[in-house]
Amino acid sequence: MPHYYSLGKIPHKRHTQFRREDGNLYSEQLFSTEGFSNDYSLLYHIHPPTEIISTDDPYEVQPRIAEEKMLKHRSFEGFSVKPEADYLKSRKPVLVNSDCHIVLAAPQQSMKDYFYKNADADEMIFIHRGSGVLKTQYGELAFGYGDYLVIPRGTIYQIQFEDADNRLFIVESFSPIRYPKKYLSPYGQLLEHSPYCERDIRGPQRLTSIDEKGDFLIRMKKKGRMYGIHYGHHPLDVVGWDGCCYPYAFSIHDFEPITGRVHQPPPVHQTFEGHNFVVCSFCPRLFDYHPLAIPAPYNHSNIDSDEVLYYVDGDFMSRKNVTKGMITLHPGGIPHGPHPGAVQRSIGAKETKELAVMVDTFHPLMLTVDALEIENPGYTMSWAE
Ligand SMILES: [Fe+2]
């Protein structure tokens, strides 16, 4: 839930006559992800955003579930996901439930021939590798290593990558992705104890409105199907907008870690939340400074959540054999903790360079066929080695 923002030209009063130079009216569009009763934006298009000229037959993109139920610690080699030229084809859902889908992607090419809209889910795209520009009706967001791009459901977008080496960790959320409630004032300002604030949030820039007639394809995902809907005008034809519902970027490198004399629990790393899940950022930080502190985490029984950790960079003191892009899944129901020797090794350490993204889901995750293809065998018993 970002704060009020405005770009381009808008009329003084909402819902009033706002005319183009030729005297015709701009088309006003109210955009929200929760009816008319929550945050919204008002966009002003050169042409009506309703002008469908043809539709394609839909195709299935529902994740292929391989294991619906399980109770084992698992680990996956994220960078073993094969790169694919096309952005949408490159997206491989690996861990899914009815609240969110966790997706890995290694797209090689920019989106050129189509635009994309996820009609079901807000998207949080974490840029592990690569840089480029996210183009939307709200303007452009330049992105690079370490950026979270948060894109509300229904946003039409196109991504341009600078080169072919891109690695993305994506969460599709079937509820709005928001800042953690505990860090917000009753009226929505990020409070003093929040690990980031409004200055760290990057709103869209460079609004370019394109007045172009033609055949513009928007691929739209809804309920596990991809629809192709063609419009008669370029979809990025907005001359101005304002409101509180828009895509934004936040860099994990701008997250200010909260530390203490003794080990701090994972909620201090919380960055975003959706319905029934949270996203946390584990960033380089000084370790606990009590004279008898144990910097490695204690064993814990997360009985009511599945813990997904996505390793980004640095050293990971509590685990062995960690690689970049690795995912560990510690399901609710059985305790987990540091690998043998990690607790003793951590004593006296002053700082960690670890960088990781964690997603805790409050309902169990299912594993897809794509997840099993990149699984590290033997992880379940790795504490006994
Ligand atoms: Fe954990």
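Whatever order the structure lists ligands and atoms in, that order sets their numbers, starting from 1.
Atom OE1 is the N/O/S atom of E307 found closest to the Fe ion (ligand 1).
Applying the 6.0 Å contact sphere to CD of E60 captures more than 12 heavy atoms from other residues, nucleotides or ligands.
Remark: E351 engages K353 in a salt bridge, criterion side-chain N to carboxylate O under 4.0 Å.
Backbone or side-chain N, O or S atoms of H330 do not reach the Fe ion (ligand 1) at under 2.8 Å.
Side chains of D56 and H230: a donor on one and an acceptor on the other come within 3.5 Å.
Panel note: side chain D39, backbone C245; no donor-acceptor pair is recorded below 3.5 Å.
At the Fe ion (ligand 1), the vertex angle linking NE2 of H300 with NE2 of H336 is 90° (nearest 10 degrees).
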